[in-house]
Amino acid sequence: MSQLYDFFTGRPTEMIARELLGKTLIYHTPAGTISGYVTEAEAYLGPNDSAAHAYAGKRTPANEALYREPGTIYIYSIHGRYSFDVATQAAGTPEGILVRGLEPAEGISLMEQNRAKHGFELTNGPGKLMEAFGINDKALNLVHLDDAPLTISLTGKEPQEVGESPRIGVSQKGDSTFLPLRYFVKGNPFVSGMRKRDMDLVRHGWQ
DNA sequence: AGCATGATTGACT
DNA sequence: GTCAATCATGCTA
């Protein structure tokens, strides 16, 4: 199996989400290459996780990607936006990781064009980073990272310190609501909701 | 009808 | 400039 396939299985999804911080998300477009380092990610733990799309074994055409091979792209829409997930664990085990923040690396001018914003507002949220990448449909849903123009490089940066918190926007009911399954690079300004006084403007929280 | 969201507003400092 | 509250948004079931 491929390197990416192996990366997204073999240990708990919480651990994979944490290790995903600092890895590079890369998108090859006709206009040029866009990439960024993952600053924020959340783990969703499938049937037993009351906040997960696959809670209680729920399976629909929309969340089918969660049930596929590790490293399968799961794109879903919410509130008229698109978000980017990667399926983790063996096929049939519907766990996954939501990427909520990126620090831009390549193609910054393309992202500014796509978003009509600049600076930290470019990619500090799940819908924002998809808009910055120019992704506004589900064409890549169900495609594996190994076979798509959108992929992840396991090289990148190393966080100085990883922060944890409950996940953002999960409805306030169910046992899993308050589990600390959100991981972020402490001090990085491209993390959603990062307050200015908590930002590390020198190293952005990287080693 | 219900959301794993984001932009804007308006009261603060 | 910061922060919390509010609501427009469009896809999914």
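Chain letters run A, B, ... following the sequence lines, proteins first, then strands; residues in each count from 1.
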- Going 5' to 3' through nucleotides 4-13 of chain B and flagging B where a protein heavy-atom sits under 4.0 Å of the base, S where only the sugar-phosphate is that close, and - otherwise, we get BBSSS-----

- Query: dT12(C) C1' sits how many Å from Asn63(A) CG, rounded?
  - Reply: 11 Å

- Query: Side-chain donor-acceptor pair under 3.5 Å between Glu40(A) and Ser192(A), yes or no?
  - Reply: yes

- Task: Could you tell me which residues satisfy salt bridge (charged side-chain N to carboxylate O under 4.0 Å, His left out) with Glu42(A), sequence neighbours excluded, listed by chain and number?
- Result: Arg100(A)

Please tabulate the protein-to-nucleotide N/O contacts below 3.5 Å involving nucleotides 1-4 of chain C, giving atom names and distances.
from, atom 1, to, atom 2, distance (Å)
dC3(C), OP1, Arg197(A), NH1, 2.2
dC3(C), OP1, Arg197(A), NH2, 3.3

- Message: side-chain hydrogen bond (donor to acceptor under 3.5 Å, both in side chains), that's the test. Do Ser2(A) and Asp146(A) meet it? Break it down for me.
- Response: CA-CA 8 Å; Ser2(A) 76; Asp146(A) 286 333; 2.5 Å; yes

- Going by number, which of residues 10-26 of chain A have a non-hydrogen atom under 4.0 Å from DNA chain C? none

- Query: Touch check for Lys58(A), heavy atoms < 4.0 angstrom, all strands: base, sugar-phosphate only, or nothing?
  - Reply: nothing

- Item | Watson-Crick and G-U pairing of DNA chain C written in dot-bracket, each distance under 3.5 angstrom, with | for inter-strand partners | ||||||||.|||.

- Task: Indicate the atoms forming the closest heavy-atom contact of Gly57(A) with Tyr67(A), along with that distance.
- Result: O-OH, 3.2 Å

- Please name the residue in the list Thr13(A), Asn48(A), Thr9(A) that meets the side chain to side chain donor-acceptor pair (under 3.5 Å) test with Glu95(A). Thr13(A)

- Can you find a pair of side-chain heavy atoms, one from Glu164(A) and one from Arg18(A), that are under 4.5 Å apart? yes

- Interatomic distance, Asn136(A) CG vs dT9(C) P [rounded to whole Å]: 17 Å

- Query: What are the two closest non-hydrogen atoms of Phe190(A) and Gly119(A), and how far apart are they?
  - Reply: CE2-O, 3.6 Å

- Query: Got more than 12 heavy atoms from elsewhere within 6.0 Å of NE2, His118(A)?
  - Reply: no

- For Arg203(A), what residues pass the salt bridge (charged side-chain N to carboxylate O under 4.0 Å, His left out) criterion, not counting sequence neighbours? none

- Minimum-distance pair of heavy atoms, taken over all atoms of Ala43(A) and Asp49(A): O-OD2, 4.3 Å

- Message: Grouping I, L, V, M, F, W and Y whenever their side-chain heavy atoms are under 4.5 Å apart, do Met194(A) and Val38(A) come out in a common cluster?
- Response: no

- Query: Hey, what's the ring geometry for Phe133(A) with Tyr27(A), parallel, tilted or perpendicular (30° and 60° as the breaks)?
  - Reply: parallel

- Message: Check the orientation of His144(A) and Tyr5(A). Use parallel for under 30°, tilted for 30 to 60°, and perpendicular for over 60°.
- Response: parallel

